[in-house]
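Just below is one structure, and these are the notes that go with it.
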Amino acid sequence: ETEINTIKVEIKSSGIRHIEGGWPKEVDPTEKQDTQRFITKAAKQAEFKESAVSMGHVIERCMRQNGTTDIYEMYFDQEDEDHSSTPPSAKMLAVMRDPNDLKRTASKIAWYPGNPNKIGVAYSIMNFQDKRFSQDRLSSLSYIWDITRPNAPEREIKPPNPLTCLNFNPKQHDMVCGGSYNGLVSVYDLRKDRPLVVQSEIPTSHHDPVYDVCWISSKSGSQFVSTSTDGRMLYWDYKNMSEPIEEVVLTSGDGESVLGGSCLEYNPEAGATKFIIGSEQGAVIGYNSKQKRQNNGLTNYDLGTLNKHHGPINAIQRNPVHTKFFLTVGDWTAKIWVEDGKTPLLSTTYHDAYLTGGCWSPSRPGVFFLTRVDGVINVWDYNLQQQSMVYQHKVGDAPLKAIAVSHAQPRLLCVGDTEGTVTLLQVTKSLAELVHGEKPNMGFMFEREALQEKNLLLRERDLRKEKAREEARRAEEAAKPPAGRDEGMENLLREVDAEFMLTIKDAEEKENKK
């Protein structure tokens, strides 16, 4: 398959003003009396009556046809077309480029919940001490795009510092929370001319760039959380941004080292108080605000070298159907975990290029997408096969950084790269429409792998206990006095003594004979 891009065409949308015409010069169409007088006069003419009568036969025939045949009738509407055998593919629909001269990375993409044709894109430079930071032309703007009009952004968001991430409020769709490169968090109202509503204060904000934000379930609908590589997760209420509501320090299992948060996942369907955080050290951290008495509510998943990622976790997301299972993307592989386990259940093979992001398909629980540093998208379908990907698509030469799939239109997905270009792709129906029996099949597979992993952990624990008992037994035996060795020595001494006495007796007898 080969694709080429045509020359860019600028399209401008403009309205048309319709002015009523067809009236004689002596009739003013704006005067209702004049037009009514002319219509009454024309209706009395013989030509008008003959025309109306001749048109009556045509209208009668059309009405009878409509009564005989329903042109809007849907045939076979009860049968669902099966697209599972269609080879997976994707095609590009639109390209949205950063309008600034100095291009920045499209670091985060979020679909607008109130309109399936709009997306929000956060633009920033994520490289530390990048030379572009010293440029006066460096823009801090982020944009709201309409995918049906990709030539120019629909709305600008002007934050005090470039946004590294953003998220739409699921209830109040025009409210947007965002995190900046300097650690500040801010809230915007798109209904206002100046959308910035409030921002946090520097002393009480993050000390590193904010890598992810998300709204949480609350009575007021005004609370959200943010995470950063400074090792903290902060609760905020935009009605009072002077300081965070709560602070959670992301520590390791021993409680000594702090893990920097690189991505965040919150799904109220899995639990209104449950969070899972990916760290820049490659470890996964779970947090439940209802279990603060036990390890401050934190759960550390396996930190072993073989199970955790070998680099920062760039994406983490719960399965849309089976929410206790979640996906993590980092280094060269993607892993699937269960929230009450400690080790990954499934893992993809190592890819040829470094993975930069990923997400589940919102309509199919067995399909997920992965973005790579070489500009390629990999598509995995675990309902079809687990050993290898089912499709890969070359988007461009620039490294991909962000990806988001539309919940309203699961065939549409947007990917952003380091050059500030957001590409809209449409995948085939085989990758978007639910396959018959896929939900129970994927649930059974996940549960089977979780049970197997649990049994392996139990077996490993039993082996450790058996090994500990064996070592304790050996240590106890080594501590006992060697009783068997003393008895053997005493017997040997008796034999030597008896032989010595016999030798002396023989010597005395020989002297007496002489």
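Basis for what follows: all heavy atoms, side chains included, without hydrogens, waters or symmetry-related copies.
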[X] side-chain N/O to [Y] backbone N/O, donor-acceptor pair under 3.5 Å:
X: R372; Y: H351; result: no
X: S180; Y: N182; result: no
X: H322; Y: G443; result: yes
X: W380; Y: V367; result: no
X: S200; Y: M241; result: no
X: T273; Y: S289; result: no
X: S279; Y: A283; result: yes
X: R232; Y: S205; result: yes
X: S262; Y: G278; result: yes
X: T348; Y: A334; result: yes

Legend entry - Aromatic centroids of H407 and W360 separated by under 6.0 Å: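 No, they do not, as the ring centres are separated by 6.0 Å or more.
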
Distance in Å, [X] [atom1] paired with [Y] [atom2], rounded so as to fall on 0.5 Å steps:
X: F369; Y: L400; atom1: CZ; atom2: CG; answer: 13.5 Å
X: I276; Y: T328; atom1: CD1; atom2: OG1; answer: 9.0 Å
X: I157; Y: Y188; atom1: CD1; atom2: OH; answer: 7.0 Å
X: K401; Y: E419; atom1: NZ; atom2: CD; answer: 13.5 Å
X: L355; Y: I313; atom1: CG; atom2: CD1; answer: 12.5 Å
X: L370; Y: W332; atom1: CG; atom2: CH2; answer: 15.0 Å

Residues [X] and [Y] bridged, charged N to O under 4.0 Å:
X: E265; Y: K274; value: no
X: K324; Y: E339; value: no
X: D212; Y: K108; value: yes

Just by distance, with hydrogens left out, do [X] and [Y] show a side-chain donor and acceptor under 3.5 Å apart?
X: S222; Y: D237; result: yes
X: S107; Y: S124; result: yes
X: D98; Y: N100; result: yes

Legend entry - Residue pair V185, F224: steps toward the side-chain contact (heavy atoms from CB on, under 4.5 Å) verdict: CA-CA 10 Å; V185 293; F224 63 96; 4.2 Å; yes

Between [X] and [Y], is any pair of side-chain heavy atoms under 4.5 Å apart?
X: I119; Y: M96; result: yes
X: T423; Y: L425; result: yes
X: I377; Y: V395; result: yes
X: T333; Y: H309; result: yes
X: L424; Y: L412; result: yes
X: P365; Y: L434; result: yes
X: H206; Y: S226; result: yes
X: D331; Y: Y354; result: yes

Inset, instruction - Have a look at Y112 and tell me which of Y143, W145, F168 forms a ring-ring contact (aromatic ring centres under 6.0 Å, His included) with it. - result: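 When Y143, W145, F168 are each tested with Y112, the ring-ring contact (aromatic ring centres under 6.0 Å, His included) holds only for F168.
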
Legend entry - Reference residue F368; test ring-ring contact (aromatic ring centres under 6.0 Å, His included); the match among F326, Y382, F325, Y391: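 One option only clears the test, and that one is Y382.
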
Other residues, nucleotides, ligands: >12 heavy atoms within 6.0 Å of [X] [atom1]:
X: K91; atom1: NZ; value: no
X: Q385; atom1: CD; value: yes
X: F444; atom1: CZ; value: no
X: R149; atom1: CZ; value: no
X: D397; atom1: CG; value: no

Can you name the nearest heavy-atom pair linking [X] to [Y], along with the distance?
X: L431; Y: S89; value: CD1-O, 4.3 Å
X: E438; Y: R364; value: OE1-NE, 2.9 Å
X: E269; Y: P320; value: OE1-O, 4.3 Å
X: C263; Y: I316; value: SG-CG2, 3.4 Å
X: T356; Y: N314; value: O-CB, 3.3 Å
X: S186; Y: L163; value: OG-CD2, 4.2 Å

Legend entry - Partners passing side-chain hydrogen bond (donor to acceptor under 3.5 Å, both in side chains) against E470 (at least two apart in sequence or in another chain):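 By the side-chain hydrogen bond (donor to acceptor under 3.5 Å, both in side chains) rule, E470 matches R473, R474.
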
Inset, instruction - Could you go through the side-chain contact (heavy atoms from CB on, under 4.5 Å) check for T227 and L250 one step at a time? - result: CA-CA 10 Å; T227 188; L250 307 176; 4.0 Å; yes

Legend entry - Check against side-chain contact (heavy atoms from CB on, under 4.5 Å), E247 and V249: CA-CA 7 Å; E247 175 181 323; V249 180; 3.8 Å; yes

Inset, instruction - Test side chain to side chain donor-acceptor pair (under 3.5 Å) on S257 and S252 and set out the steps. - result: CA-CA 6 Å; S257 58; S252 59; 2.6 Å; yes

Inset, instruction - Start with the C-alpha distance between K454 and E447, add both sets of side-chain angles, then the distance that settles salt bridge (charged side-chain N to carboxylate O under 4.0 Å, His left out), and finish with yes or no. - result: CA-CA 10 Å; K454 184 177 180 181; E447 294 291 348; over 6 Å; no

Inset, instruction - Report the C-alpha separation of N383 and M442 in whole Å, then their side-chain angles, then the decisive distance to 0.1 Å, and conclude whether the side-chain contact (heavy atoms from CB on, under 4.5 Å) test is met. - result: CA-CA 7 Å; N383 188 57; M442 294 306 303; 3.9 Å; yes

Legend entry - Check against side chain to side chain donor-acceptor pair (under 3.5 Å), T229 and E280: CA-CA 7 Å; T229 50; E280 63 176 351; 4.9 Å; no

Inset, instruction - Hey, can you tell me if Y287 and F275 have their rings parallel, tilted or perpendicular (30° and 60° cut-offs)? - result: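 It falls in the tilted class, 30° to 60°.
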
